[in-house]
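Just so we're on the same page: letters track the sequence lines, and every chain starts at 1.
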There are 2 protein chains.
Amino acid sequence: MTTYLALADSLEVDVRKAVPGSRVPSEHELVDLHGISRLTARAALQELERRHLVRRVRGAGTFVARRIEYRIAADTPPSWSETVRRAGGVPRNELLATEVVAADGEVADALGLAPGAPVVRVDRRGWVDGEQAGISSSHFPADRFTDLPAQLVAGDGCADGTTCDTSNGIETSSRHADSASLYTTLVEHYRVSPRRAWSTAELDVLAPEAASLLGLSGRPLAWWLLSCNHDGEGRPIEFARSWLRTDVFKVVFRLEAAS
Amino acid sequence: MTTYLALADSLEVDVRKAVPGSRVPSEHELVDLHGISRLTARAALQELERRHLVRRVRGAGTFVARRIEYRIAADTPPSWSETVRRAGGVPRNELLATEVVAADGEVADALGLAPGAPVVRVDRRGWVDGEQAGISSSHFPADRFTDLPAQLVAGDGCADGTTCDTSNGIETSSRHADSASLYTTLVEHYRVSPRRAWSTAELDVLAPEAASLLGLSGRPLAWWLLSCNHDGEGRPIEFARSWLRTDVFKVVFRLEAAS
DNA sequence: GAGTGGTCTAGACCACTAC
DNA sequence: TAGTGGTCTAGACCACTCC
């Protein structure tokens, strides 16, 4: 057995017993403890990161990961908050931007619209236990959901009652701005109960812009999800593209045949 | 931009244009070409491996990966060969072992049997384009599929017509032993047309024994699939647990709601 | 036997975080 | 300011593959 793998396996035992968020020995500590070179200590910690057992933050340290099972199935509600809550995490929503745009081919196809038809795009960022966890871009037919942006802003967490300026990015206004759950807004304001029409999931290399929105550097892998929801009567109402961090979510996909 | 990421991005352009299986510059070649240390060259190639763009083989070199889209959906047939063929690969089956065992809780539950009921277990290894790509362990109710092992052996690729001894492992007899497609055997001999009842997919750390069966070292991540199939009349006939190599398969899961 | 990737050492500078 | 992880150098030995 190689040194770094033996060390990784030994650390894994401790990490699995430790509380999520607690510290793991630093590279230098492992050097002093085991009389190995820093590169070897580093390889062991990177191995644990590869196994999604720890998170490493430059300048801060290595910490036991909190990993959540994100379950996608026909009978799970297509709601970020609800999915996270069911997995035992504390969800939070942040509205990044809303805009009326022309539907591209994929969006139009999913929503049963003509290409170029107006759609409301809602960009959000999701958090789990205070950590950036995912971003999504949802599209709705503009005719039916004209005032959706207003509804979401009205329901968000700005204490002073004014609308937050979230249109120009992440850094400025959104530090702790909870927005209303999109799902809740659809249910309570629009009186529809969104259900999954279809979803796909795969693992891909994240685009650099998306990576920085998720607090990641380099060119990391992430879950790439497409999902389409319909209202109770079978009419498509939402098409979403999402990225989820692999170190936060263990995505479990369950397909159940129509019987 | 860091040196190794810039090099990786530059190599990625070439790799994407190259034929799968062709050679990528070795670490030493990159050292000489770019005047960098070997560790930096190595980091660049490892980055490409992480992106699933290349495969690295100790002693041999780094090669452009052939990656195949393994699509799981309600309407795709639950057949290894067919799934691989649809993705453009050349499939091959190898029978590792067959045995009648007592159903464990999960197997019994999936097949609608009592725990401990006899089931036929069929262990196979799948190949794509001559490369080890996955292993699976399928379970069938013993009463209905008693002679399944004999059927599979009778249909395998041994030229001399005798039965291959595949029960004791991989190294001995199985170098090029094609076994009959399990799916084909079920259709042609048992006159059932297996359909997906349900499947789940997730990414996990591979057990060491499974890793060596797949030709992998260390503790790599792999796709972990569970799937249950029924015959045309809704009776469950097969429950399978499978591992798929992530460098061979891009698993795409598609859930389609019963409408 | 020549070349490959896998591991390891003993240093170094840097960007970043937390205090 | 002290400590963290990210990157990089210039060596080394090894196990392995291919010829």
Problem - Note: A:E27-A:R38 ion pair, threshold 4.0 Å (strictly below) - result: yes
Problem - Atom-pair distance (CZ on B:R56; C1' on C:dT7), nearest Å - result: 13 Å
Practice task
Round to the nearest Å and state the distance from A:D32 atom CG to C:dA10 atom P.
Solution key: 13 Å
Handout entry: Sorted by number, the residues of residues 37-48 of chain B with heavy-atom contact under 4.0 Å to DNA chain D
Key = B:S37, B:R38, B:L39, B:T40
Practice task
Looking at every strand, decide which applies to B:S217 at a 4.0 Å heavy-atom threshold: base, sugar-phosphate, or nothing.
Solution key: nothing
Handout entry: Any B:S26 side-chain N or O less than 4.0 Å from OP1/OP2 of C:dG3
Key = no
Practice task
Compute the centroid of each ring, for A:W224 and then for A:W243, and state whether the two points are separated by less than 6.0 Å.
Solution key: yes
Handout entry: Within-4.5 Å side-chain heavy-atom neighbours: A:S181 and A:N93
Key = yes
Completion exercise
Exactly one candidate in B:Q46, B:R42, B:E47 meets side chain to side chain contact (heavy atoms under 4.5 Å, CB included) with B:Y4; the answer is B:E47
Exercise for the section: Take atom CG of B:L30 and atom P of D:dT9, then tell me their distance rounded to the nearest Å. Expected result: 12 Å
Exercise for the section: Decide, yes or no, whether a salt bridge links B:E99 with B:R121 under the criterion of side-chain N to carboxylate O below 4.0 Å. Expected result: yes
Exercise for the section: Please examine the side chains of A:S199 and B:F253, heavy atoms only from C-beta on, and report whether any two atoms are closer than 4.5 Å. Expected result: no
Exercise for the section: Scan A:R55 against the nucleic acid and name what it touches under 4.0 Å (heavy atoms): base, sugar-phosphate only, or nothing. Expected result: nothing
Exercise for the section: Measure the CZ-CG distance between A:R55 and A:D247 for me, rounded to the nearest 0.5 Å. Expected result: 4.5 Å
Exercise for the section: List the protein contact pattern of nucleotides 14-19 of chain D with one symbol per nucleotide (5' to 3'): B for base contact, S for sugar-phosphate-only contact, - for none; contact means a heavy-atom distance under 4.0 Å. Expected result: -BBB--
